[in-house]
There are 2 protein chains.
Amino acid sequence: MTRVEELTVGELAARSGVPASALRFYERQGLIHSRRTTGNQRRYSGGTLRRVAFIRASQSVGLPLSAIGEVLALVPADHTPTREFWVRASACWSEQLNERIERMERTRDRFTECVGCGCLSFERCALVDPGGLVT
Amino acid sequence: MTRVEELTVGELAARSGVPASALRFYERQGLIHSRRTTGNQRRYSGGTLRRVAFIRASQSVGLPLSAIGEVLALVPADHTPTREFWVRASACWSEQLNERIERMERTRDRFTECVGCGCLSFERCALVDPGGLVT
DNA sequence: ACTTGACGTCAACCTTTGTTTAAGTTCGAG
DNA sequence: CTCGAACTTAAACAAAGGTTGACGTCAAGT
């Protein structure tokens with residue numbers, strides 16, 4: 001009977017939907033961790049599933065692995081993280097997401113405005129370097 | 001006196017704020033076009049400034065050059081594009097932007113919900129593969 | 001014990017979006 | 001005409017985020 005507590009790469013891959021190659025890559029990058037069997041195979045704790053889900057969710061909104069790694073560094077790898085860890089991590093993301101959403105809304109509006117206003121003068125109109133391009 | 005009608009790479013770079021290397025790259029990718037002098041130097045039409053602005057604005061919201069190229073293919077390179085071309089291009093972007101904004105809002109809410117609900121079970125909760133991860 | 005599928009490492013490769021460098025050519029002001 | 005600044009190309013390099021392949025080992029079923 002397989003312990004639910006520990007997963008092989010393959011199992012983690014199957015459960016998380018993330019290719020094993022990517023999981024090994026994440027591990028090389030220090031985003032997830034494993035213990036090794038005597039035969040040098042990886043064994044992931046069940047909590048790793050959560051970490052992986054967090055990684056993919058974060059990626060899906062455009063965050064780079066490096067940023068994700070920084071946040072995950074705050075989440076203990078071994079023992080189950082307290083709720084607070086995830087709350088903090090999420091709060092951090094919400095902020096970033098809100099910023100991005102705002103930026104996109106601004107840009108969308110600018111697009112519409114710029115074309116709609118008839119100026120069509122991209123050189124001087126709001127569309128050009130609205131702060132989003134330079135930043 | 002310099003014609004405003006034609007720009008060298010350097011001038012286009014200065015005016016658009018985009019490095020000449022990037023402009024040459026865009027040209028290789030077919031996003032912008034130039035005529036060549038007898039000495040094989042590039043000369044851009046004034047309208048290229050608009051195309052470049054469009055490219056950067058589009059990029060700033062995360063659209064890949066390939067997608068931008070497809071839309072720009074609809075905008076005539078030589079004669080000044082009719083207003084309708086830009087309207088169409090913009091409409092296209094608005095749609096995509098709205099989609100992305102919605103996706104991000106959904107993800108943000110899921111984050112909050114997931115952590116807030118106390119389940120913290122990323123395996124089964126809404127955060128995991130909300131459709132945004134697979135798509 | 002043997003076979004087979006999953007696992008291990010390492011290096012090479014891929015895509016995107018450019019930048020840098022080297023070596024050589026052209027432009028245009030004086 | 002001359003001279004420096006600006007231009008040309010091809011190719012190499014970068015960084016992110018992995019994938020693929022080669023080749024070897026481990027573990028589980030029969």
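Chain identifiers are assigned alphabetically (A, B, ...) following the order of the sequence lines, protein sequences preceding nucleic acid strands; residue numbering begins at 1 within each chain.
Residues A/E6 and A/R35 meet the side-chain proximity criterion, which asks for heavy atoms closer than 4.5 Å. Using a 4.5 Å heavy-atom threshold, the side chains of A/E27 and A/H33 count as separate. Counting heavy atoms from C-beta on, the side chains of B/R43 and B/R36 never come closer than 4.5 Å. The shortest distance between side-chain heavy atoms of B/L12 and B/T8 does not fall below 4.5 Å. You'll find the side chain of A/F54 reaches within 4.5 Å of the side chain of A/V71, heavy atoms only. Counting heavy atoms from C-beta outward, B/L31 and B/R51 have side chains that stay 4.5 Å or more apart. When side chains are defined from C-beta on, A/L7 does not count as touching A/T48, because their heavy atoms never get closer than 4.5 Å.
Contact footprint of chain A on DNA chain C: nucleotides with an atom under 4.0 Å from a non-hydrogen protein atom, first to last in 5' to 3' order, C/dC7 to C/dT9.
To the nearest 0.5 Å, atom CD1 of residue B/I55 and atom CD of residue B/Q29 are 10.5 Å apart. The distance from atom OG of A/S58 to atom CD1 of A/I68, rounded to the nearest 0.5 Å, is 4.5 Å. With rounding to the nearest 0.5 angstrom, the CD1 atom of B/I32 is 14.5 Å from the CZ atom of B/R50.
For B/R28, the side-chain hydrogen bond (donor to acceptor under 3.5 Å, both in side chains) test picks out no residue, with sequence neighbours left out. Here B/E70 pairs with nothing under the salt bridge (Lys or Arg N to Asp or Glu O under 4.0 Å) rule; sequence neighbours left out.
Proximity of B/T8 to the phosphate of D/dC7: a side-chain N or O atom is located under 4.0 Å from OP1 or OP2.
Nucleotide D/dA27 holds its C1' atom 17 Å from the CG atom of A/L7, rounded to whole Å. Here D/dT20 presents its C1' atom at 15 Å from CZ of A/F25, a figure rounded to the nearest Å. The distance between atom CG of B/L23 and atom P of D/dT8, rounded to the nearest whole Å, is 11 Å.
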Taking only N/O atoms, report every protein-nucleotides 28-30 of chain D pair under 3.5 Å with atom names and distance.
none

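Proximity of residues 27-38 of chain B to DNA chain D (heavy atom under 4.0 angstrom from any strand atom) is restricted to B/R36.
Toward the 5′ end of DNA chain D lies the nearest nucleotide of B/A20, the other residue of the pair A/L63 and B/A20 mapping further downstream.
Using a 4.0 Å heavy-atom distance criterion, A/R42 is classed as a sugar-phosphate-only contact.
B/Y26 and B/R56 share a side-chain donor-acceptor pair at under 3.5 Å.
Note on the helix from C/dA1-D/dT30 to C/dG30-D/dC1: angle between the axes of the first and last five pairs equals 10°, rounded to 10 degrees.
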